[in-house]
S.K.: 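Please read through the structure below; I'll follow up with questions.
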Amino acid sequence: MKILRLGVGLLAAASLMTSCGNSGTKNKNGTEGALTKNAAEQVYIAPGEHDDYYAFISGGYSGNLLVYGLPSGRMFKEIPVFSQFPTSGYGYSEETKPMFNTSYGFIPWGDAHHPDISQTNGVMDGRWVFINENNTPRIARVDLTTFETAEIIEVPNSAGNHSSSFITENTEYVVAGTRFSVPVPQRDISIKDYKGEFKGALSFIGVDQETGRMEIDFQLLMPGFNYDLSHPGRDKSHGWFFFTTYNTEEANTLLEVNASQNDKDFIAAVNWKKIEEYVKNGGGKMMPAEYAHNVYDHHTHTATSTMKNEVRVIDPTEVPGAVYFLPTPKSPHGCDVSPDGEYIVGNGKLSTDLTVHSFTKMIDAIENKKFDGEAYGIPILNFDDIHAGSVKKAGLGPLHTEFDDKGNAYTTFFISSEVVKWELGTWEVKDRKPTYYSVGHLTIPGGNSREPDGKYMFAMNKITKDRYLPVGPELEHSAQLYDISGEKMELILDFPTHGEPHYAAAIKADVVKGNSLEIYDLEDNKHEYAIKSEGEARVERNGNEVHIYMSTIRSHFAPDNIEGIKVGDKVYFHVTNLEQDFDVPHGFAMIGQNNSELLIMPGQTKTTTWNPKKVGVWPFYCTDFCSALHQEMQGYIRVSPKDSDIELTWSLGDDE
């Protein structure tokens with residue numbers, strides 16, 4: 001009887017698989033294609049096969065960047081950026097501690113929001129990912145050959161670095177706009193004097209085209225509004241940058257009421273090409289400003305931190321034609337630019353309509369001086385003269401828009417928990433699908449570029465509720481993947497995301513994966529304490545500092561027994577992984593370590609410290625399972641009293 005039931009079950013499963021895989025069937029829209037498959041088939045990646053896309057999803061208050069595959073929704077890596085990460089020792093090792101230096105001191109956490117991928121000619125080139133830190137204003141650059149954080153620069157005169165990090169079409173600039181306007185320069189001033197006294201800094205950070213190295217070129221000191229989000233112009237609007245603003249009322253208390261009074265706020269249109277020329281001719285002034293610039297060197301495997309002391313600031317009224325305000329209803333949040341650069345979409349959180357401005361009309365209005373007054377010397381364009389159209393009553397709580405390759409736009413609605421598809425030019429709603437629940441950002445691979453992809457879109461939701469197994473009051477957030485290749489969107493996958501993702505950037509995997517580094521060449525290791533063979537392993541004392549030059553290789557440490565360490569010493573373990581095979585890291589952990597383990601990649605050197613506090617014999621071991629004899633990969637350190645005269649010795653494989 002059991003055999004019969006099993007046979008019936010297998011027959012039913014085979015029938016189901018056959019019908020689902022029938023390419024001759026049509027979906028509910030009457031068309032053939034991806035939607036003829038069931039959801040499981042669409043997201044299934046067979047063992048050993050690769051996803052079609054990388055998705056780089058912000059980790060929100062985790063401070064890190066998460067790497068997922070699409071369409072599978074599998075998480076491949078958590079890249080530590082603004083927060084210490086004990087898994088690898090990032091922010092704990094002596095080499096990476098400088099990455100967390102700021103003008104406020106050592107800040108070991110961050111609030112990561114908006115990643116963006118480097119571009120060439122408006123197309124994602126897969127070299128670097130830039131991401132902002134909201135709380136302690138910083139921008140980081142992640143190198144996509146190593147998938148490691150290579151650089152972090154602090155942004156002075158800023159607070160709440162939210163309107164970032166978005167890049168221009170050839171990665172000329174990474175741009176960072178302040179959410180909170182503050183006194184510039186900072187000083188002791190009454191908060192009640194906010195209006196007219198506070199400034200909003202828009203920072204344009206230059207990027208070296210060969211190395212990716214960042215430098216702040218200039219800061220535009222704007223009126224004291226809140227600068228929410230931004231995007232670059234592209235194609236015909238290349239050379240411009242667009243920022244949403246709210247609190248044009250310049251309120252300083254109970255903003256949910258007092259910053260919602262005006263019928264329209266602004267999108268600030270900034271002609272950065274004009275300002276760039278102004279700066280090249282000596283324009284602007286240097287202002288004292290303390291900020292940290294931290295850079296990680298992949299040859300020395302070490303970060304350095306430099307404290308800068310000035311920045312160039314620009315008064316927008318001194319550069320005629322550089323900045324204009326585009327009236328936009330009401331408290332706009334998202335600010336998104338169509339692939340051809342013609343349309344600027346402003347999503348007013350308190351408006352049921354989506355407002356779309358025309359770049360062509362904007363230029364015409366500027367040339368013909370069709371102004372409707374000014375704000376702090378900055379011309380305000382007339383709404384009707386720049387308005388391209390509105391998507392009427394599309395939903396409740398519009399936030400963010402991205403684009404496909406067929407002339408459609410997709411907008412998230414936080415309050416009504418849905419994604420709405422509409423057509424550029426006609427402003428007609430084509431489709432809507434619910435999300436679960438309270439969606440924030442959405443991402444289409446290439447959706448923030450000249451060449452968006454029209455296959456997938458995924459929404460990042462703020463509330464999970466009943467989507468996953470319950471795990472107490474704190475739940476991971478929910479991402480949902482939609483097939484957008486047909487006329488109608490189709491929800492095909494839920495997958496959890498860590499922290500609170502805000503934005504994400506996605507790119508075709510083939511652009512990135514071929515450039516991925518597999519190992520560090522041991523011969524290129526320029527670390528100050530690197531060793532290239534076991535024969536160089538040694539232990540040296542300098543006062544109460546002890547430096548252990550240690551190597552790892554399957555499956556032992558050299559040295560593995562050390563004596564002569566004393567209570568009160570500060571012990572430095574400089575550990576070099578001698579492996580030169582792909583995917584053979586080694587770990588290192590010492591009992592009583594007060595920081596974290598190390599995870600050392602092939603050919604890499606990392607340093608950790610240990611302060612022995614107790615007399616005894618204490619073990620260390622490899623934390624990363626590296627071979628069949630991983631358990632045997634260990635050693636001992638003998639710790640003697642502080643006044644001991646035991647000689648410093650070390651050994652490996654000595655006869656007992």
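Quick note: residue numbers are just sequence positions, from 1. From a predicted model like this one, the values you see are computed outputs, not experimental measurements.
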S.K.: Would you tell me whether His400 and Glu402 have side-chain atoms, one donor and one acceptor, within less than 3.5 Å of each other?
M.R.: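 On atom types as modelled, these side chains do not qualify, holding no pair under 3.5 Å.
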S.K.: Testing the 3.5 Å rule here: is there a donor-acceptor pair between the side chains of Asp494 and Gln480?
M.R.: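 The answer is yes; a qualifying pair exists.
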S.K.: Is it true that Asp143 and Arg127 make a salt bridge, defined as a side-chain N closer than 4.0 Å to a carboxylate O?
M.R.: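 A salt bridge is absent here (no side-chain N lies under 4.0 Å from a carboxylate O).
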S.K.: Taking atom types as modelled and ignoring hydrogens, do the side chains of Asn594 and Lys613 form a donor-acceptor contact shorter than 3.5 angstrom?
M.R.: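 Present: a donor and an acceptor within the cut-off.
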S.K.: What pairs of residues pass the salt bridge (Lys or Arg N to Asp or Glu O under 4.0 Å) test when at least one of them lies in residues 638-652, not counting sequence neighbours?
M.R.: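 For residues 638-652: Glu563-Arg638.
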S.K.: Are side-chain N/O atoms of His293 and Glu151 paired as donor and acceptor at under 3.5 Å?
M.R.: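 Note: His293 and Glu151 side chains meet the donor-acceptor criterion.
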S.K.: Ignoring hydrogens and geometry beyond distance, is a side-chain donor-acceptor pair present between Gln84 and Ser596 at under 3.5 Å?
M.R.: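 The answer is no; no qualifying pair exists.
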S.K.: Verify salt bridge (charged side-chain N to carboxylate O under 4.0 Å, His left out) between Glu148 and Lys77, making sure each step is shown before the conclusion.
M.R.: CA-CA 10 Å; Glu148 292 181 347; Lys77 186 180 180 69; 5.9 Å; no
S.K.: State whether a side-chain donor-acceptor pair under 3.5 Å links Ser62 with Asn64.
M.R.: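 Absent: no donor and acceptor within the cut-off.
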S.K.: Regarding Ser230 and Ser163, is there a side-chain donor-to-acceptor distance under 3.5 Å anywhere?
M.R.: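 The answer is yes; a qualifying pair exists.
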S.K.: Flag the pair Arg538 and Glu540 as a salt bridge only when some basic side-chain nitrogen lies within less than 4.0 angstrom of an acidic carboxylate oxygen.
M.R.: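 A salt bridge links Arg538 with Glu540.
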S.K.: Do Arg74 and Asp51 sit within salt-bridge range, that is, some charged N less than 4.0 Å from a carboxylate O?
M.R.: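 Here Arg74 pairs with Asp51 in a salt bridge, since their nearest N and O are under 4.0 Å apart.
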S.K.: Is a side-chain N or O of Lys566 found less than 3.5 angstrom from the main chain of Ser644, in a donor-acceptor match?
M.R.: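 Yes, because the side chain of Lys566 sits within donor-acceptor range (under 3.5 Å) of the backbone of Ser644.
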S.K.: Honestly, is Arg467 close enough over Tyr436, meaning NZ or CZ under 6.0 Å from the six-membered ring centre and within 45° of the axis?
M.R.: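 Flagged: Arg467 positioned over aromatic ring of Tyr436.
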S.K.: Should Phe76 and Tyr68 be marked as a ring-ring contact (aromatic ring centres under 6.0 Å, His included) after you check the CA-CA gap, both sets of side-chain angles, and the distance that decides it?
M.R.: CA-CA 6 Å; Phe76 298 140; Tyr68 284 79; 8.1 Å; no
S.K.: So, His498 and Glu78: side-chain donor and acceptor under 3.5 Å apart, yes or no?
M.R.: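 No donor-acceptor contact under 3.5 Å links the two side chains.
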S.K.: Would you mind checking if Lys308 and Glu215 are paired as a salt bridge, meaning a charged N to carboxylate O distance below 4.0 Å?
M.R.: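 Salt bridge between Glu215 and Lys308, a charged N being under 4.0 Å from a carboxylate O: yes.
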S.K.: Can you tell whether the side chains of Glu500 and Lys462 come within less than 4.0 Å, N to carboxylate O?
M.R.: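 Yes, charged N to carboxylate O under 4.0 Å.
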S.K.: So, do Tyr520 and His301 have ring centers that fall under 6.0 Å from each other?
M.R.: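 Yes, the ring of Tyr520 comes within the 6.0 Å limit of the ring of His301, centre to centre.
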S.K.: Could you tell me if Asn525 and Thr605 have a donor-acceptor pair between their side chains, going purely by distance under 3.5 Å?
M.R.: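 Distance-only check passes for Thr605 and Asn525.
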S.K.: Would you check if there is a donor-acceptor pair between the side chains of Ser551 and Glu534 at a distance under 3.5 Å?
M.R.: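 No.
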S.K.: Does Lys465 count as lying over the ring of Tyr437, i.e. NZ or CZ under 6.0 Å from the six-ring centre, within 45 degrees of the axis?
M.R.: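 Lys465 over Tyr437 ring: yes.
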S.K.: Report yes or no: do Asn595 and Gln593 form a side-chain donor-acceptor pair below 3.5 Å?
M.R.: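 The answer is yes; a qualifying pair exists.
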